[in-house]
**Student:** 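Let me begin by handing over the structure; questions about it come next.
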Number of protein chains: 2
Amino acid sequence: MGKGEETRQGILDEALALASQVGVSGLSIGALADKAGMSKSGLFAHFGSKEEMQIAVLREGQQRFVDTVVRPALKSPRGIARLRAILTNWIDWTRRAKLPGGCPMNAAANEFDDQPGPVRDAVEAGLADGRRLLANAVRMAIEAGELRPDTDVDQFVFEFSGIVLVTMQGQRLFREKDASQRALDAFERLVRDYAAPSANA
Amino acid sequence: MGKGEETRQGILDEALALASQVGVSGLSIGALADKAGMSKSGLFAHFGSKEEMQIAVLREGQQRFVDTVVRPALKSPRGIARLRAILTNWIDWTRRAKLPGGCPMNAAANEFDDQPGPVRDAVEAGLADGRRLLANAVRMAIEAGELRPDTDVDQFVFEFSGIVLVTMQGQRLFREKDASQRALDAFERLVRDYAAPSANA
DNA sequence: TGATTTATAGCACGAACGTTCGTTTTTAGT
DNA sequence: ACTAAAAACGAACGTTCGTGCTATAAATCA
């Protein structure tokens, strides 16, 4: 890895941390350059435009998400156990990833959903990836015979995502201490409703 | 209503519409003054600071929410029917309220959850109000004998809120056409699990 | 080591930011 | 209609925004 890639990576690390607190649209070149200990123009040269930088930050966040949430969950056996692992990893993934704030992708989703452009596209693609990944895990649970064969996969993913979103809001805005417990309870209720009859009869 | 209050109200109307698209922190005095057809300084004088303006916008949004979601739902009879009415009103309330974008309070929740100060306090108070209101409606459903007496009210509100959040994300970011149908399905599954046994045996 | 590419810094730009101030216009009360 | 009060304006402040240029410093390679 050349020197350029190295500092670029360092910048993205700082940027992700900052974005988790102030959002992707709240990221400014000047503030980021200060954090990274370099000049505005020097930092700027790595991306060419602010928009490119924002997209790079989102990509970085996505990769960090995979490393923190998805990859470790693969150690749990396919099926409901793995879905549960994804949930528990997900709902405090920014803490695990040592980010000082909340999920940058989620914040960006709220910031850019009404502002068409490349950044919005990147956010949508990123979150769609997450849903696709979830859907695969659900399908595995069906194949494993733990969820009913006629389970509406997209509906399951939809409700699962709702649990994630409200848990994050509970943690970050309301500082609810028992948000993750509520998330688990909601999850158990969800899988109970979609469970294959043979599994827990 | 004096002239001052009148224009202030007009400003807040424009501000709410703008905030629904660019967020509360994306609101700038200059852009808002343009939309409102007046000078920066003239507009500024109505609030004294940007922070005060942001808080005023959030309050305006909250009131609009009550008028659009809560008040109409009171026409539905207490119990599950009213809860369902709240849900259906909620998940497209910005359309009903003629706002061009998404829910400003929700956007602000993601923008300010990691930035302490009066604005964050206002957001937290506003959303807490929503949850309190929901909790009351749930308690009425219990009293009406439609939900089990041992229903965990806060857990119910938690899961209900999750449905709302994921539905809004589905509508605004993913442009899912069937998001509201999924929301209703999730709601029916929720009330089925918490339903009093006598109600639908 | 010397040559060359690459990375960073410095500086300046026009625009927009929130805010202050003094003046002018408009409203409200008599 | 005249006056006192309220409201809106226009200009300017200092700062930060994103983005260009040009020069210097550092890393890469022969």
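Every value quoted in this text rests on a predicted model; they were computed, and no experiment measured them. Every chain is numbered from 1 and lettered A, B, ... according to where its sequence line falls, protein lines coming before strand lines.
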**Student:** Under the side-chain contact (heavy atoms from CB on, under 4.5 Å) test, which residues partner A/Gln62, sequence neighbours left out?
**Tutor:** A/Met105, A/Asp129
**Student:** May I have the distance from B/Glu52 (atom CD) to C/dG18 (atom C1'), rounded to whole angstrom?
**Tutor:**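 So the CD-C1' distance, B/Glu52 to C/dG18, works out to 14 Å.
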**Student:** Can you sort out the partners of A/Asp113 under side chain to side chain donor-acceptor pair (under 3.5 Å), two or more places apart, ordered by chain and number?
**Tutor:** none
**Student:** Tell me the stems DNA chain D sits in, counting at least three consecutive Watson-Crick or G-U wobble pairs, each under 3.5 Å on both distances.
**Tutor:** C:2-26 with D:5-29
**Student:** Using whole Å, what does the distance between atom C1' of nucleotide C/dA7 and atom CD1 of A/Ile11 come to?
**Tutor:**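 Rounding to the nearest Å, CD1 of A/Ile11 and C1' of C/dA7 are 10 Å apart.
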**Student:** OP1 or OP2 of D/dA8 sitting under 4.0 Å from any side-chain N/O of B/His46?
**Tutor:** yes
**Student:** How about B/Met53 and B/Leu12: do any of their side-chain heavy atoms sit closer than 4.5 Å?
**Tutor:** no
**Student:** Write down the distance between CZ (B/Phe47) and P (D/dA7), rounded to a whole number of angstrom.
**Tutor:**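 Taking atom P of D/dA7 as the reference, CZ of B/Phe47 is at 13 Å.
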**Student:** Which part of the nucleic acid, if any, lies within contact of A/Ala45, taking any heavy atom under 4.0 Å across all strands shown: a base, the sugar-phosphate backbone alone, or nothing?
**Tutor:**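 If one applies the 4.0 Å heavy-atom cut-off, A/Ala45 turns out to touch a base.
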**Student:** What residues, two or more places apart in sequence or in another chain, satisfy side chain to side chain donor-acceptor pair (under 3.5 Å) together with B/Thr68?
**Tutor:** none
**Student:** Return the set of residues passing side chain to side chain donor-acceptor pair (under 3.5 Å) with B/Gln171 (not counting sequence neighbours), or none when no residue passes.
**Tutor:** none
**Student:** Between P on C/dG18 and CG on B/Leu32, what's the gap in Å once rounded to a whole number?
**Tutor:** 10 Å
**Student:** Can you check whether B/Thr7 has a side-chain N or O nearer than 4.0 Å to OP1 or OP2 of D/dA7?
**Tutor:**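 Indeed not, no polar side-chain atom of B/Thr7 lies that close.
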**Student:** Identify whether the distance between the nearest side-chain nitrogen and carboxylate oxygen of B/Glu124 and A/Arg175 falls below 4.0 Å.
**Tutor:** no
**Student:** Atom CD of A/Glu6 and atom C1' of C/dT8: how far apart are they, to the nearest Å?
**Tutor:** 15 Å
**Student:** What residues, two or more places apart in sequence or in another chain, satisfy ring pair (Phe, Tyr, Trp, His ring centres under 6.0 Å) together with B/Phe44?
**Tutor:** none
**Student:** Mind calculating the distance between CG (A/Leu43) and P (C/dA9) to the nearest angstrom?
**Tutor:**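 Distance, rounded to whole Å: 9 Å.
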**Student:** Taking only N/O atoms, report every protein-nucleotides 15-21 of chain D pair under 3.5 Å with atom names and distance.
**Tutor:**
from	atom 1	to	atom 2	distance (Å)
D/dC17	OP1	A/Ser28	OG	2.6
D/dG18	OP1	A/Lys50	NZ	2.7
D/dG18	OP2	A/Ile29	N	2.9
D/dG18	N7	A/Lys40	NZ	3.2
D/dG18	O6	A/Lys40	NZ	3.3
D/dT19	OP2	A/Lys50	N	2.6

**Student:** Among all residues two or more places apart in sequence or in another chain, which pass the side-chain contact (heavy atoms from CB on, under 4.5 Å) test with B/Val70?
**Tutor:** B/Phe65, B/Val66, B/Leu133
**Student:** Give the rounded distance in Å between these two atoms: CE of B/Met38 and P of C/dT26.
**Tutor:**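 These atoms are roughly 13 Å apart.
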**Student:** Tell me every residue that passes side-chain contact (heavy atoms from CB on, under 4.5 Å) with A/Asp92, counting only those two or more places apart in sequence or in another chain.
**Tutor:**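 Only A/Arg95, A/Arg96 meet the side-chain contact (heavy atoms from CB on, under 4.5 Å) criterion with A/Asp92.
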